[in-house]
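In this text the structure is predicted, and so the values were computed from the model without any measurement. Convention: sequence-line order gives letters A, B, ...; per-chain numbering from 1.
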Amino acid sequence: MNGNGAGEYVIDVEGLTKRFGGRAVVHDLTMQVRRGEIYGFLGPNGSGKTTTIRMLCGLLTPDGGRGTCLGYDILTQADLIKPRVGYMTQRFSLYEDLSIRENLEFVARIYGLDKPREAAAEAIEQLGLKGRENQLAGQLSGGWKQRLALGACILPGPDLLLLDEPTAGVDPQARRDFWNEIHGLAADGLTVLVSTHYMDEAERCTRIAYIAYGELLSHGTVEEVIEKAQLATWTVSGPDLHRLAQKLMETDGIDMVAPFGSSLHVSGRDEKRLKAAIRPFQASSEYRWSPSEPTLEDVFIDLMQQSRDNFAEEAVSGGTLS
Amino acid sequence: MNIGAPHRAARPGAFTRFSAMFVKEFIQLRRDRVTFATMIMIPLLQIILFGFAINTTPTNLPAAVLMQEHNDITRSVLAALRNTSYFRFVIEAESEAEMDHLIRSGEVLFAVEIPAGFERAIRRGDKPAILVVADATDPVASGTALAALQGTIERSLERDRVIPPNREDVQPFEFRQHRRYNPAGVTRLNIVPGLLGTILTMTMLIFTALSVTREVERGTMESLLAMPISPLELMLGKITPYIFAGAIQAAIIFGCGWFIFSVPLEGDPLLLIGLTLLFITTNLSIGYSFSTVAGNQLQAIQMTFMFFLPSILLSGFMFPFAGMPRWAQWIGEALPMTHYLRIVRGIMLKGASLPDLYREAGLLLLLMLIAMTIAILRFRRTLD
């Protein structure tokens with residue numbers, strides 16, 4: 001690879017592993033992201049999303065595995081990757097004691113743009129920050145901070161955006177604007193890897209990957225991920241659902257019960273066993289049961305539970321061995 | 001969820017809230033290992049270090065000798081001087097010019113000149129004079145030695161029968177003392193240049209010692225590391241603005257010294273400015289290297305303090321450098337303040353020029369490069 005990023009995959013990593021204090025935070029992770037894709041990165045807190053993103057842009061050194069980012073080796077060519085990647089950190093990490101304009105000019109100079117002042121001024125215009133450019137970044141609200149952070153990421157004209165939970169704590173309108181922006185950028189050929197907790201955001205991605213306990217559990221388009229999970233789901237509504245949920249949870253053949261507004265989603269990995277399990281409950285006329293399609297959230301919660309069980313078992317067997 | 005509700009006390013008192021704070025602070029204090037270590041180390045190290053190192057009546061002061069005549073009498077005079085234990089002759093000068101250079105550069109505190117025809121003059125009863133030139137920039141260091149001169153030497157020479165026993169107030173020879181650079185022994189002439197070094201050391205160290213840790217604590221380091229900037233570029237970019245800040249400080253102290261305390265400036269102002277900028281940069285580099293080693297801002301401040309104390313006490317500012325034991329002098333040599341003090345005293349009071357000071361300037365430069373190298377090597381380019 002000679003690092004011009006001309007291949008099909010912008011990110012192509014294999015067996016990526018990272019340990020902190022002996023614990024594998026990311027374990028044997030393999031993934032590919034194609035040019036121009038918006039790749040959603042989902043998973044519970046502490047699942048290794050941030051660690052993976054940091055390994056991709058050279059902020060962390062993997063303990064195992066190999067791969068390329070924009071055609072450059074992530075182990076040896078971090079210096080060549082950095083100028084072409086825009087990394088938006090989970091926590092706001094621009095200078096709160098600098099103004100919007102000063103922050104953007106700083107970024108423009110670091111990346112060696114020809115006319116940093118003009119570049120920053122243009123970015124301010126495009127971000128809709130005109131009139132606020134002399135406000136200190138620390139005084140901005142969450143939504144505006146996030147716009148500024150995104151602006152700073154795309155200012156140097158990167159080929160790849162790595163966005164780590166960019167919309168956490170941002171209101172719905174700002175979130176929607178943000179995603180429109182992301183789609184616009186992707187349409188211009190920019191590749192985007194974005195981690196998120198929001199299901200509606202996952203559904204806006206070209207493809208998604210689900211990661212839990214450091215392992216990539218499923219990936220593909222939203223439809224593919226739901227399809228692969230092979231989950232059968234029923235919706236039930238009626239009185240006192242909290243107590244019903246507790247009973248259902250203890251029933252064999254039911255793998256997951258999740259409240260959904262004024263109803264419950266009851267899912268099982270084996271359709272026949274699920275049917276058998278809910279039959280006794282269907283006898284009661286209090287509840288209305290209807291078969292339904294599993295949502296992405298059902299699939300994710302199920303994947304997480306499955307892997308938590310595996311993880312716990314591994315931990316236990318590991319413990320007895322040592 | 002109703003966690004803790006069953007335990008709710010009827011009326012929590014002020015003491016409960018105080019103890020909550022107390023317990024929390026205690027846990028945090030205990031968890032920060034470096035703070036804990038410095039808490040133990042600072043008093044222990046400092047008391048042992050400075051207790052042994054500091055000596056206000058210094059002996060074994062470095063001296064040069066210019067012998068215009070070599071014979072038994074002159075050798076005996078020299079031996080007698082040595083026996084006072086105040087003088088340690090480190091070099092024999094060849095000429096008066098060399099003697100002047102040795103004093104001006106601070107290599108020796110005293111220069112003793114025994115004139116030609118000394119022996120003959122004694123025999124004839126001409127009462128020849130031995131010239132003792134003392135560097136009086138630090139009055140404490142040279143004072144005691146000079147005070148002890150006349151009487152002790154004579155007694156010692158009589159005992160050795162080099163000279164006949166003292167006959168009724170007629171002294172066979174005399175010491176002519178030359179207190180140079182600060183003949184009246186005015187303390188402020190010594191203090192002002194010292195303060196210049198002290199203030200610059202403290203402020204410069206703090207400026208940069210916080211610079212990297214601040215980025216880490218504010219979370220801006222993560223973005224910064226993802227950007228295409230090298231550790232060297234980062235360091236130079238962070239240090240340079242403070243060189244201006246230091247220059248302004250230095251100008252203020254110089255101004256006060258000049259106008260209020262009438263401290264003279266004997267030497268070249270440009271040389272002083274140049275070497276002051278070097279000193280400022282050296283301290284900034286050291287502060288920056290602390291910043292790359294320290295885990296947080298508190299640790300960085302503690303390290304600064306650990307460095308600052310010896311800079312005051314072992315540099316020759318508070319106590320005579322030459323009076324310290326050898327090991328303490330080695331520590332002193334590793335501090336920029338020591339060299340800068342010699343430079344400032346040299347230029348302001350003694351009119352020293354670059355050839356007199358190249359050693360001190362070179363060592364400052366070396367310390368700066370060492371600090372920069374450590375900073376570059378220690379700078380963590382990843383978040384590992």
Side-chain angles (χ1 to χ4, degrees), chain A residues 18-21 25 50-51 53-63 69 72 74-75 77-98 103-104 106-113 137-138 145 148-150 152-153 155-156 158 160-164, chain B residues 1-3 5 30-34 206-245 287-288 291-297 300-301 375-384:
Chain A
K18 182 71 191 175
R19 288 183 207 90
F20 287 122
V25 177
T50 301
T51 306
I53 291 176
R54 285 175 175 173
M55 283 193 279
L56 291 175
C57 61
L59 281 185
L60 288 175
T61 320
D63 293 318
C69 186
Y72 298 108
I74 60 165
L75 293 171
Q77 295 178 301
D79 287 341
L80 297 170
I81 297 173
K82 284 177 183 177
R84 299 179 58 193
V85 171
Y87 171 41
M88 184 169 159
T89 54
Q90 201 168 335
R91 195 178 136 191
F92 183 72
S93 60
L94 291 170
Y95 296 94
E96 302 213 330
D97 48 355
L98 292 191
N103 265 305
L104 291 170
F106 169 72
V107 172
R109 288 196 182 97
I110 289 253
Y111 284 86
L113 299 190
K145 270 187 185 171
L148 171 60
L150 179 67
C153 281
L155 178 62
L160 169 66
L161 275 186
L162 300 173
L163 312 174
D164 194 0
Chain B
M1 290 245 237
N2 208 7
I3 303 166
R30 208 182 39 190
R31 197 141 297 164
D32 188 350
R33 293 272 170 78
V34 176
I206 283 284
F207 277 150
T208 43
L210 297 179
S211 69
V212 173
T213 43
R214 189 169 47 216
E215 300 261 3
V216 172
E217 280 184 23
R218 290 191 185 172
T220 49
M221 193 48 128
E222 196 180 348
S223 270
L224 202 54
L225 287 179
M227 291 179 187
I229 182 166
S230 77
L232 181 67
E233 293 157 354
L234 194 75
M235 177 177 74
L236 295 179
K238 272 182 171 289
I239 285 180
T240 314
Y242 294 111
I243 296 179
F244 293 99
Y288 186 80
S291 196
T292 58
V293 175
N296 55 47
Q297 297 197 34
I301 291 177
I376 296 289
L377 294 178
R378 282 287 316 192
F379 186 81
R380 285 163 289 231
R381 298 199 65 188
T382 63
L383 298 167
D384 286 287

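Heavy atoms closer than 4.5 Å to chain B are found nowhere in A:Asp164, neither backbone nor side chain. For B:Arg381, the parts sitting under 4.5 Å from any heavy atom of chain A are the backbone and the side chain alike.
Atoms OG and CD1, from B:Ser211 and B:Ile239 in turn, are 8.0 Å apart once rounded to the nearest 0.5 Å. Note that OG1 of A:Thr51 and NZ of A:Lys18 are 8.5 Å apart. Values are rounded to the nearest 0.5 Å. Interatomic distance, OH of A:Tyr111 versus NZ of A:Lys82, reported as 9.5 Å (0.5 Å rounding).
Applying the ring-ring contact (aromatic ring centres under 6.0 Å, His included) rule to B:Phe207 yields the partners B:Tyr242; only residues at least two apart in sequence or on another chain are considered. In terms of the side chain to side chain contact (heavy atoms under 4.5 Å, CB included) criterion, residue partners of A:Ala149 (sequence neighbours excluded) are, by chain and number, A:Met88, A:Phe92. Residues passing the ring-ring contact (aromatic ring centres under 6.0 Å, His included) test with B:Phe379: none are found, sequence neighbours excluded.
Of all residues in residues 225-237 of chain B, those placing a non-hydrogen atom less than 4.5 angstrom from a non-hydrogen atom of chain A are B:Leu225, B:Ala226, B:Met227, B:Pro228, B:Ile229.
No donor-acceptor distance shorter than 3.5 angstrom exists from the side chain of B:Ser223 to the backbone of B:Thr220, with no hydrogens or angles considered.
Of the listed residues (A:Leu59, A:Ile81, A:Leu162, A:Val107), the one with the most heavy-atom contacts under 4.5 Å to chain B is A:Leu59. Considering only heavy-atom pairs separated by less than 4.5 Å from chain A, the leading option among B:Arg380, B:Glu215, B:Glu222, B:Met221 is B:Glu222.
At most 12 non-hydrogen atoms from other residues, nucleotides or ligands lie less than 6.0 angstrom from CZ of B:Phe244.
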